[in-house]
Engineer: 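My structure is below; once you've seen it, I'll send some questions.
Everything numeric in this text was worked out from a predicted model, so none of it was measured. Each chain gets a letter, A, B and so on, in the order the sequences are listed, and its residues count up from 1.
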Amino acid sequence: MYRTHHCNELTINHINQQVTLAGWVQRIRKLGAITFIDLRDRYGITQLAFYEDADKETFDQANQLGREFVIQATGTVRERASKNPNLPTGDIEVVPHRLTVLNPSKVPPFTIEDETDGGEELRMKYRYLDLRRSPLKNNLLHRYRVGMEVRKYLDSLGFVDIETPFLIKSTPEGARDFVVPSRMHPGHFYALPQSPQTFKQLLMVAGFDRYYQIVRCFRDEDLRADRQPEFTQIDCEMAFVEQEDILQTFEGLLRHLLREIKGIDTGPFPRISYHDAMRLYGSDKPDIRFGMQFIDLTRSAKGSEFKVFEEAELILAINAEKCAHFTRKQIDQLAEYVKRPQIGASGLAWIKWDENGLKSSFDKFFTPEKLTHLAHTAGMQQGDLLLIMAGPAGKTRKALHELRMHLGQTLGLRNPDQFAPLWVLDFPLLEWDEETRRWHAMHHPFTAPKPEDIHLLDSDPGSVRANAYDLVLNGNEIGGGSIRIFDKALQNKMFKLLGFSEEKAREQFGFLMNAFEYGAPPHGGIAFGFDRLVALLGGQETIRDFIAFPKNNSGRDLMIDAPSYIDDQQLHELHITLKYAQ
RNA sequence: GGUCCGGUCGUUCAGUUGGUUAGGAUGCCGCCCUGUCACGGCGGAGAUCGCGGGUUCGAGUCCCGUCCGGACCGCCA
């Protein structure tokens with residue numbers, strides 16, 4: 001046995017006991033005739049004290065150690081002469097009489113401290129060292145805890161964890177697939193699942209009723225701070241349910257997590273339709289920790305010589321309460337922000353109401369009476385700053401959404417300790433893709449249209465609403481799902497709308513269509529982005545720090561250096577010839 | 001596919017109008033130090049300024065290209 005206790009265990013109650021500890025050398029403090037060593041393991045830190053007078057040999061040994069050496073120390077627990085209240089073990093220290101170096105260490109390339117001096121790239125390359133640091137270590141422990149609570153909750157409701165395959169078939173819908181060449185079938189490829197979607201539906205046909213899986217999914221798209229090419233979903237499906245059953249069940253899941261992990265009870269989640277979310281927030285994942293809902297001024301702002309307003313399809317405003325003190329420079333900076341190419345607004349108009357009365361960026365076009373009327377229509381109070389954007393509807397909503405989020409951030413309204421979940425309901429079933437000039441499934445091709453909208457499928461597909469829902473937390477989509485089509489005829493109709501020939505549909509999804517001929521129950525489900533959920537519950541929006549071995553911005557694993565070339569023999573076996581020389 | 005930011009001792013940052021012995025902090029090494037816990041004090045070593053070209057009497061600094069990293073847009077049913 002390498003140790004009798006771990007490094008966060010010993011207290012005043014262990015005084016005079018003989019103990020053996022093992023761990024990493026965190027820090028060495030040499031004071032002349034005393035040397036202190038902070039010994040670290042997963043659980044915490046215990047101070048070792050070496051005295052030249054008492055035990056010269058062990059003292060000399062201790063002075064040979066370096067940072068991150070793995071050592072084993074046997075000695076006596078003593079009460080400290082000067083205690084450290086910041087440490088759970090701060091009342092005691094261990095005075096070793098025997099010291100063993102289990103393994104020496106090179107000097108690490110960055111300091112293993114809570115606030116490390118290492119940059120991102122280096123820490124990714126030496127991820128196993130970065131994970132020794134408390135913040136990262138705690139993130140992974142937090143992730144484990146969230147996962148356990150998910151399992152506890154779902155298990156208590158009779159959900160069954162069933163594994164689904166990773167080597168499956170490529171499908172044209174959705175994201176780009178990661179693809180795996182088949183050695184035994186020349187020219188054939190597996191694809192890694194973007195999600196276990198069809199399999200969980202087949203499990204419903206199989207009668208499993210309530211399925212879940214915390215499962216890896218793969219999408220070959222560009223990365224973001226909150227997006228990795230492989231990521232984890234809490235994937236769920238239920239049979240014999242309506243939308244309301246699913247909302248209740250998974251609202252329960254998030255409430256359970258918030259209660260168990262954060263000690264917060266949010267009460268029932270608000271619900272909003274997709275239509276209203278876009279109207280009031282310009283986003284299908286609004287952050288409702290703060291107000292600043294959109295105000296439609298399209299009618300009331302018209303009727304002047306101000307061309308920007310006159311020619312606009314839509315005029316929207318947000319009221320930044322108590323921001324009338326913003327300087328001209330600050331407002332210009334906001335305008336610059338929305339004019340960045342990523343947002344692409346053409347400008348920003350404003351009305352300021354301070355102690356000197358109303359002032360606007362379009363004063364020369366508006367009479368004072370008209371300006372006053374507009375300010376009142378927008379619900380302004382003295383001290384407020386109204387920010388107005390005008391232009392094509394879609395673009396204006398999007399840009400004002402960005403401005404709202406930016407303001408929320410800079411005004412400190414996006415408090416990571418506050419949790420404001422909501423359901424967004426009634427998503428459109430389809431969206432028109434200008435590029436391919438065809439309809440796309442907004443959620444996925446198996447999503448059921450609302451029964452009352454089915455008659456519009458032929459005449460006005462764009463206005464058909466789906467039984468689809470997203471769970472949004474603090475401006476992040478953390479889960480989404482739908483009631484599925486379980487009727488073969490309707491599913492065929494959907495495929496047709498999406499531009500699949502009958503032959504193509506059978507080739508891609510024939511297995512599902514076949515299954516639907518053998519008694520498919522009504523069913524529906526939801527999937528949560530586990531990494532995102534874990535990060536949000538941890539008070540952050542970057543998922544990378546909650547994944548043990550993540551990929552970098554360009555999809556590389558800097559530690560193992562993947563992806564990489566493979567040798568010709570492997571290529572040969574896989575019947576692959578490279579078009580470009582390495 | 002595109003936009004923006006960055007790359008300087010092990011690490012992290014500074015480096016002014018182009019002329020510096022390329023600087024600080026931290027880490028590392030050595031000496032001193034009996035109560036530290038971000039210990040302290042003194043001293044020392046440590047840099048092809050990402051790479052390739054160009055402008056110039058002279059480039060870390062300006063220009064072009066390229067590679068790498070980060071953030072974002074497109075993309076992500």
Engineer: What about R219(A): does its side chain form a donor-acceptor pair under 3.5 Å with the base of rC76(B)?
Structural biologist: no
Engineer: Taking only heavy atoms on the protein side, list every residue of residues 7-16 of chain A lying under 4.0 Å from any atom of RNA chain B, sorted numerically.
Structural biologist: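 Output list: empty, so none.
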Engineer: Which is true for A49(A) with a 4.0 Å heavy-atom rule: it touches a base, it touches only sugar-phosphate, or it touches nothing?
Structural biologist: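 It contacts nothing in the nucleic acid.
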Engineer: Does anything in residues 79-98 of chain A reach RNA chain B, meaning a heavy atom under 4.0 Å, and if so which residues?
Structural biologist: R80(A), A81(A), S82(A), K83(A), N84(A), E93(A)
Engineer: Base, sugar-phosphate, or nothing: which does L122(A) touch, judged by heavy atoms less than 4.0 Å apart?
Structural biologist: sugar-phosphate
Engineer: Is there a Watson-Crick or G-U wobble partner for rG6(B) with both distances under 3.5 Å, and which nucleotide is it?
Structural biologist: rC68(B)
Engineer: Give a yes or no on whether H275(A) atom NE2 has more than 12 heavy-atom contacts from other residues, nucleotides or ligands under 6.0 Å away.
Structural biologist: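 Result for NE2/H275(A): open.
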Engineer: Could you tell me whether P445(A) contacts a base, only the sugar-phosphate backbone, or nothing, with contacts defined as non-hydrogen atoms closer than 4.0 Å?
Structural biologist: base
Engineer: Using a 4.0 Å heavy-atom cut-off across all strands, classify D220(A) as base, sugar-phosphate, or nothing.
Structural biologist: nothing
Engineer: Applying a 3.5 Å limit to both distances, which nucleotide forms a Watson-Crick or G-U wobble pair with rU17(B)?
Structural biologist: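 Per the H-bond distance test, none.
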Engineer: Which part of the nucleic acid, if any, lies within reach of T35(A) when heavy atoms closer than 4.0 Å are counted: base, sugar-phosphate only, or nothing?
Structural biologist: nothing
Engineer: Is there a donor-acceptor contact under 3.5 Å linking the side chains of S195(A) and Q233(A)?
Structural biologist: no
Engineer: Looking across every strand, which nucleic acid part, if any, lies under 4.0 Å from E121(A) by heavy atom: base, sugar-phosphate, or nothing?
Structural biologist: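 Counting heavy atoms under 4.0 Å across all strands, the contact made by E121(A) is with sugar-phosphate only.
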Engineer: Describe the nucleic acid contact of R78(A) in one word from base, sugar-phosphate, nothing, applying a heavy-atom distance below 4.0 Å.
Structural biologist: nothing
Engineer: Is T76(A) close to Q17(A) at the side-chain level, that is, under 4.5 Å between some pair of heavy atoms?
Structural biologist: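 No, side chains not in contact.
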Engineer: List in chain and number order the residues that pass salt bridge (Lys or Arg N to Asp or Glu O under 4.0 Å) with D561(A), two or more places apart in sequence or in another chain; answer none if no residue qualifies.
Structural biologist: R556(A)
Engineer: Using the C1' atoms only, state how far rU3(B) lies from rG15(B), rounded to an integer number of Å.
Structural biologist: 28 Å
Engineer: Taking atom C1' of rC72(B) as reference, at what distance in whole Å does atom CG of N553(A) sit?
Structural biologist: 9 Å
Engineer: Whom does rA38(B) pair with, Watson-Crick or G-U wobble, provided both distances fall under 3.5 Å?
Structural biologist: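 By the stated definition (distances under 3.5 Å), nothing pairs with rA38(B).
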Engineer: Taking only N/O atoms, report every protein-nucleotides 43-51 of chain B pair under 3.5 Å with atom names and distance.
Structural biologist:
none

Engineer: What distance, rounded to whole Å, do you find between the two C1' atoms, one in rA22(B) and one in rA14(B)?
Structural biologist: 10 Å
Engineer: When you compare the side chains of R27(A) and Q47(A), does any donor N or O come within less than 3.5 Å of an acceptor on the partner?
Structural biologist: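 Side-chain D/A pair, R27(A) to Q47(A): absent.
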Engineer: Take atom P in rG58(B) and the same atom in rG18(B), then report the distance between them in whole Å.
Structural biologist: 15 Å
Engineer: Using distance alone, with no hydrogens and no angle criterion, decide if Q228(A) and D531(A) have a side-chain donor and acceptor under 3.5 Å apart.
Structural biologist: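 Looking only at side-chain atoms, D531(A) and Q228(A) do not form any donor-acceptor pair under 3.5 Å.
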Engineer: Among rG74(B), rC37(B), rC76(B), find the nucleotide with the atom closest to the side chain of A175(A).
Structural biologist: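 For the A175(A) side chain, the nearest candidate turns out to be rC76(B).
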Engineer: Does the side chain of R484(A) come under 3.5 Å of the side chain of N467(A) through a donor N or O and an acceptor N or O?
Structural biologist: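 Side-chain D/A pair, R484(A) to N467(A): absent.
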Engineer: Of the candidate nucleotides rG35(B), rG69(B), rC73(B), which contains the atom at the shortest distance from the side chain of K398(A)?
Structural biologist: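 Looking only at side-chain atoms, K398(A) lies closest to rC73(B).
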Engineer: By nearest nucleotide on RNA chain B, pick out whichever of T542(A) and L31(A) is the more 5' one.
Structural biologist: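 The residue whose closest nucleotide sits nearer the 5' end is L31(A).
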Engineer: Is F110(A) stacked against the base of rU11(B), taking the criterion as centroid distance under 5.5 angstrom and interplanar angle under 30°?
Structural biologist: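 No, aromatic ring not over the base.
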Engineer: Tabulate atom names and distances for all N/O pairs under 3.5 angstrom spanning the protein and nucleotides 24-29 of chain B.
Structural biologist:
from, atom 1, to, atom 2, distance (Å)
rG27(B), O3', R67(A), NH1, 2.7
rG27(B), O2', R67(A), NH1, 3.1

Engineer: Using Watson-Crick or G-U wobble geometry with both distances under 3.5 Å, which nucleotide pairs with rA25(B)?
Structural biologist: rU11(B)
Engineer: When the C1' atoms of rU12(B) and rG52(B) are considered, how many whole Å apart are they?
Structural biologist: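 Between the two C1' atoms, the distance is 27 Å.
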Engineer: Show the distances under 3.5 angstrom between N or O atoms of the protein and N or O atoms of nucleotides 2-5 of chain B.
Structural biologist:
from, atom 1, to, atom 2, distance (Å)
rU3(B), O2, Q342(A), NE2, 3.0

Engineer: Using a heavy-atom cut-off of 4.0 Å across all strands, would you classify R123(A) as base, sugar-phosphate, or nothing?
Structural biologist: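 The residue R123(A) makes no contact with any strand.
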Engineer: Picking from rG69(B), rA71(B), rC75(B), which would you name as closest to the side chain of A225(A)?
Structural biologist: rA71(B)
Engineer: Please give the nucleotide sitting opposite rC33(B) as a Watson-Crick or G-U wobble pair, both distances under 3.5 Å, or none.
Structural biologist: none
Engineer: Paired with rA59(B): which nucleotide, if any, by Watson-Crick or G-U wobble criteria at under 3.5 Å for both distances?
Structural biologist: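 Pairing partner: none.
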